[in-house]
Amino acid sequence: MSTTPQNEYIARINKVLDYIEKNITESFTLEELASEASFSRFHFNRIFRAFTGETPFQFITRVRLEKAATLLVIRHQDSVTDIAFACGYTDLAVFSRNFKSQFGVSASQYRLNKGQQSNMRQTDGKQKQPGSEVSAYFCFNTNQMKWRTHMNLNKSIEVQEMPAMTVAYIRHTGPYQGNEKLFENLWNRLFAWAGPRGLIGGPGFKSLIIYHDDPNITAEEKLRMSVCITVPPDTRVEGEVGKMEMEKGTYVIARFEVDATQFGEAWSWLYGEWFPKSGYQPDDRPCFEMYPEEPRDGKFIVDICVPVKPL
């Protein structure tokens, strides 16, 4: 895969997007971001906007507010002030003004509205899926808690420590849900790059998809998704193929067997049924899907991995 000038620009913009996401609670300067992307600070703003449709600080503001919107729903015990500070705001008045401008309601009203909608969805789900009970047990073979479920798509579920990983990726921004051809194209391009470099297979090799945004909050045209493979830390990347480090941490790993239309159902069940009964809450690191097997006969074995911490 040859590196074109356009791919070099994409690589640099992706690098600064990764930098922003990793340090989203920090303050940024234009000079700092331009340096991360290896562009002149005099031209960086225009280049960034040309590729993303937003200025750097519009992007930062939007991502912080969307993160806050997610946390308002999943961190019931945290105050609006706590969440504002966790998303990089040091002034509650500025956060409140920006949040209402973005979502049309105050942060408190947004939390109330989403909580009511979630309760209605859970009630509807229980009526439609009477066999979705969840119960915990201790597995003496692994010395870990696991869960029994009657959700027909779910094969196993446990919480465990995930090691740090270095991944090479190709990123897509825009709609992706239900678009099998898009995913196939992204994987083909990534494997076409990785194959000649001997990076496919071997001990510990994993393929995964990272979802950087919440599709219930972020507009479809701005959704970011990265198809990834694990690579050695010293792997050199170029062009549209980027590289990032994923920190070690605690994740719930829920294995499902699904067809292409059932991924959303699996994700909804994990958040709507398992989390409220688990004693855990989602952490704010990115979640991802991991694929331990090749799909067969239109069926996918997928591990949905969500970072967690105790309630």
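Values below: all heavy atoms of this structure, side chains included; hydrogens, waters and symmetry mates excluded. Model, not experiment: these values are computed from the prediction.
Side chain of R255 to main chain of K155: no donor-acceptor pair is present (N/O by atom type, distance under 3.5 Å, no hydrogens or angles). In terms of modelled atom types and a separation under 3.5 Å, the side chain of D91 and the main chain of V94 share a donor-acceptor contact. Within the 3.5 Å criterion, the main-chain N or O of V308 finds no donor-acceptor partner in the side chain of Q281. Under a 3.5 Å cut-off, the side chain of T230 and the backbone N or O of M165 do not form any donor-acceptor pair. Put simply, the side chain of D213 gets close to the backbone of R224: a donor and an acceptor are under 3.5 Å apart. A donor-acceptor contact shorter than 3.5 Å links the side chain of S40 to the backbone of F42. In terms of modelled atom types and a separation under 3.5 Å, the side chain of T61 and the main chain of F57 share a donor-acceptor contact. Under a 3.5 Å cut-off, the side chain of K206 and the backbone N or O of C228 do not form any donor-acceptor pair.
Atom CG of D297 has 12 or fewer neighbouring heavy atoms from other residues, nucleotides or ligands inside a 6.0 Å radius. Within 6.0 Å of CD in E294 there are 12 or fewer heavy atoms belonging to other residues, nucleotides or ligands. Around CD of Q58, the count of heavy atoms belonging to other residues, nucleotides or ligands within 6.0 Å exceeds 12. More than 12 heavy atoms of other residues, nucleotides or ligands sit less than 6.0 Å from atom NZ of K309. Within 6.0 Å of CD in E247 there are 12 or fewer heavy atoms belonging to other residues, nucleotides or ligands.
A cation-pi contact, defined as under 6.0 Å to the ring centre and within 45° of the axis, is absent between R12 and F44.
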Discussion item. As a quick check of understanding, evaluate side-chain contact (heavy atoms from CB on, under 4.5 Å) for V167 and F288, giving each step before the final call.
Written reply: CA-CA 12 Å; V167 299; F288 55 92; over 6 Å; no
Discussion item. Walk me through whether R64 and I24 qualify under side-chain contact (heavy atoms from CB on, under 4.5 Å).
Written reply: CA-CA 7 Å; R64 282 178 173 162; I24 194 64; 3.6 Å; yes
Worksheet entry | Residue pair Y280, V252: steps toward the side-chain contact (heavy atoms from CB on, under 4.5 Å) verdict | CA-CA 9 Å; Y280 289 93; V252 57; over 6 Å; no
Discussion item. Apply side-chain contact (heavy atoms from CB on, under 4.5 Å) to residues N216 and V73 and explain how you reach the verdict.
Written reply: CA-CA 11 Å; N216 296 309; V73 177; over 6 Å; no
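E21 has its side chain within reach of H212: a pair of non-hydrogen atoms, C-beta onward, lies under 4.5 Å apart. Inter-residue side-chain proximity for T166 and T235 is flagged as unmet; no heavy-atom pair is nearer than 4.5 Å. Put simply, the side chain of I301 does not reach to within 4.5 Å of the side chain of K299, judged on heavy atoms. Contact check for L153 versus F263: no side-chain heavy atoms found under the 4.5 Å cut-off. Considering only heavy atoms from C-beta on, V302 comes within 4.5 Å of V258 through its side chain. Looking at F275 and L311, their side chains never come closer than 4.5 Å, going by heavy atoms from C-beta outward. By the 4.5 Å heavy-atom criterion applied to side chains, M225 and I209 are counted as neighbours. In this structure the side chain of Y19 reaches within 4.5 angstrom of the side chain of E32, judged on heavy atoms.
A salt bridge (Lys or Arg N to Asp or Glu O under 4.0 Å) check over residues 69-82, counting only residues at least two apart or in different chains, returns the pairs R75-D78, R75-D283, R75-D284.
Salt-bridge formation is detected for the pair E238/R197: a Lys NZ or Arg NE/NH1/NH2 atom is positioned less than 4.0 Å from an Asp or Glu carboxylate oxygen. Salt bridge R62/E54: present, at least one basic N to carboxylate O contact under 4.0 Å.
Hydrophobic clustering keeps F51 apart from V241 (ILVMFWY residues linked when any side-chain heavy atoms are closer than 4.5 Å, directly or through intermediates). One hydrophobic cluster, built from ILVMFWY side chains closer than 4.5 Å, cannot hold both I304 and M162; they sit in different ones. Residues I10 and L182 are members of separate hydrophobic clusters, defined by side-chain heavy-atom contacts under 4.5 angstrom among Ile, Leu, Val, Met, Phe, Trp and Tyr. In the hydrophobic clustering of this structure, F59 does not group with L223; members are Ile, Leu, Val, Met, Phe, Trp, Tyr whose side-chain heavy atoms approach within less than 4.5 Å, directly or through other members. Hydrophobic clustering of Ile, Leu, Val, Met, Phe, Trp and Tyr side chains at less than 4.5 Å, counting indirect connections, keeps L190 apart from L208.
Taking the six-membered ring where the residue is Trp, F99 and Y110 present perpendicular rings, their angle passing 60° and hence far from 30°.
Residues Y169 and D18 bring a donor and an acceptor atom of their side chains to less than 3.5 Å of each other. Side chain to side chain, R189 and N185 meet the donor-acceptor criterion of an N or O pair below 3.5 Å. Looking only at atom types and distance, the side chain of R171 has a donor-acceptor partner in the side chain of S226 under 3.5 Å away. Side-chain contact, Q109 with N113: a donor N or O sits under 3.5 Å from an acceptor N or O.
For E293, the salt bridge (Lys or Arg N to Asp or Glu O under 4.0 Å) criterion is met by R296, not counting sequence neighbours. Residues passing the side-chain hydrogen bond (donor to acceptor under 3.5 Å, both in side chains) test with S35, sequence neighbours excluded: none.
The two atoms that bring L71 and C87 nearest to each other are CD1-SG, 3.9 Å, heavy atoms only.
The six-membered or imidazole ring of Y9 lies near that of F39, with a centre-to-centre distance under 6.0 Å.
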